[in-house]
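Sequence positions, counted from 1, serve as the residue numbers for this chain.
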Amino acid sequence: MTLRDMVAVSFGNLTRLKLRTLLTSAGVLIAIAAFVSMLSFGAGNQKYIEEQFDRLGLFTTIQVYPKDSRRNPDTIAAVKLNTRAIERIAAIPGVNLAYPFDAFTVKVKIGDSTLVSSAQALPASAMRTKLFSNLLSGKIIDSSNSRQVILSEDLIKNAGIHRADSLVGLPIIISVRVSTLDSAFRHVFVDKGETLLDRARQIKIDSLFRSSYRSRILRREANEIVRRFVDGFLNAQKEISDTLTVAGIRQSTSRMGRLHIEQVIIPIATASKFKTGGMSNNPIDIFSAMQAGSLFSEPGDNDEESFSQVTVNFDPKVFYKSITDSIDAMGYRTFSFAAEFEQIQRA
């Protein structure tokens, strides 16, 4: 059979089996269209993510965390991520800047509106990075002790303000409630009008010679002292307020993986005022401080303060792996946005 005959037979079959031909052709077209669509969708997503990473400077950003001893049972004790650790990380060749994620709850009074939000303390050098300098209006804060603040677009919209430039240059009131040891100890000595002396008068002196009565009194009074201390620490908080000027309004950033940017940004030196004499009101932090022997440390002693996260900004000419390897060798966990983007590319 010649080639001409084979072609004639093939076209003859296609003509006779029109339905099968139609279904086969449609299936091939649908498969090709689906494959092209998937490639286009993947390429579009990759381009969008790449633009977002570049806009926020994430290709040169690394997050550092203390190792979790529960996930690493062979580790005797997790290395603290404190001020001294940040200084060591900042000294790694290629690292431009290292700063902690230091967030706390604040009340923001804008005109007649009062909102509860989260604030973030930052050094001025961090505010000049791409991650924080993407402003809709105003300017970045150029000094760590400036009495200025940067707000997010979402926060001012919640306050009923839709023009970002209308708030720049105006004063707002920032308030923070902090737990203090003074209030805790005051509640130990006097709670709801009852003093320790009043409780001491209720003890039967003659019965103290009986071990059962003595043990019961000791347990009761020890529990009462602990209850008063914790109640005073958690519920008798002191409010610290300050008036700051709005320097700029930052474009809201949707959460991207491990990226955390709070709605209020305050210079680190100015934010320290809100922590003077105060401590975390988390009971876990209280017991951790007791265990570490730092419960009664001076408020300005930041060497004992540990952070849950540190952000590292490095030179774009340096390969990120060399930075993460150096930090991992110090005993910390790292997360690199550049490494995450490589995984996205592979997918």
Side-chain angles (χ1 to χ4, degrees), residues 1-65 68 71 94 96 101 118 120 129-137 151-158 162-164 249-263 309 311-325 327-328 333-347:
M1 180 180 292
T2 64
L3 178 62
R4 182 176 180 180
D5 294 333
M6 292 174 62
V7 171
V9 171
S10 299
F11 273 103
N13 289 333
L14 291 176
T15 304
R16 287 191 297 271
L17 303 173
K18 295 181 179 180
L19 180 59
R20 177 180 293 180
T21 301
L22 178 62
L23 292 176
T24 302
S25 302
V28 172
L29 290 175
I30 291 173
I32 293 175
F35 183 69
V36 171
S37 299
M38 289 174 60
L39 289 178
S40 300
F41 179 76
N45 271 341
Q46 178 177 319
K47 182 179 179 182
Y48 172 76
I49 294 173
E50 184 176 1
E51 290 174 350
Q52 293 298 309
F53 274 39
D54 183 64
R55 181 176 66 87
L56 297 173
L58 297 184
F59 287 115
T60 55
T61 300
I62 295 172
Q63 303 289 5
V64 183
Y65 309 91
D68 190 347
R71 297 183 180 180
N96 295 330
F101 178 71
S118 293
Q120 186 172 353
T129 62
K130 285 184 177 181
L131 193 57
F132 297 99
S133 59
N134 191 12
L135 301 181
L136 293 174
S137 184
L151 305 178
S152 74
E153 182 184 12
D154 287 341
L155 180 68
I156 66 170
K157 285 183 178 179
N158 291 336
H162 298 283
R163 284 187 53 193
I249 306 299
R250 183 182 55 80
Q251 185 176 7
S252 296
T253 303
S254 58
R255 297 234 165 182
M256 186 177 294
R258 305 193 185 194
L259 176 62
H260 301 286
I261 303 178
E262 303 300 342
Q263 294 187 330
Q309 177 180 324
T311 301
V312 174
N313 181 271
F314 62 95
D315 190 332
K317 297 177 183 178
V318 178
F319 184 48
Y320 75 89
K321 197 72 170 57
S322 64
I323 307 292
T324 55
D325 287 347
I327 298 175
D328 291 340
R333 293 186 297 115
T334 57
F335 174 82
S336 169
F337 289 96
E340 183 184 40
F341 185 74
E342 288 183 358
Q343 295 296 327
I344 294 173
Q345 285 182 310
R346 291 193 184 98

State the [atom1]-[atom2] distance between [X] and [Y], to the nearest 0.5 angstrom.
{"X": "Arg333", "Y": "Ile327", "atom1": "CZ", "atom2": "CD1", "answer": "12.5 Å"}
{"X": "Glu342", "Y": "Lys321", "atom1": "CD", "atom2": "NZ", "answer": "10.0 Å"}
{"X": "Ser336", "Y": "Gln343", "atom1": "OG", "atom2": "CD", "answer": "10.5 Å"}
{"X": "Asn134", "Y": "Leu136", "atom1": "CG", "atom2": "CG", "answer": "7.0 Å"}
{"X": "Lys157", "Y": "Arg163", "atom1": "NZ", "atom2": "CZ", "answer": "14.0 Å"}
{"X": "Leu155", "Y": "Ser118", "atom1": "CG", "atom2": "OG", "answer": "10.5 Å"}

[X] versus [Y], closest heavy-atom pair with distance:
{"X": "Gly94", "Y": "Val318", "result": "CA-CG2, 3.9 Å"}
{"X": "Leu131", "Y": "Leu58", "result": "CD1-CD2, 3.9 Å"}
{"X": "Ile249", "Y": "Ala164", "result": "CG1-O, 3.4 Å"}
{"X": "Asn96", "Y": "Phe314", "result": "ND2-C, 3.4 Å"}
{"X": "Gln63", "Y": "Thr311", "result": "OE1-OG1, 2.9 Å"}
{"X": "Phe132", "Y": "Arg250", "result": "O-CD, 4.1 Å"}

*Compute the centroid of each ring, for Phe341 and then for Phe59, and state whether the two points are separated by less than 6.0 Å.*
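Phe341 vs Phe59: aromatic centres under 6.0 Å.
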
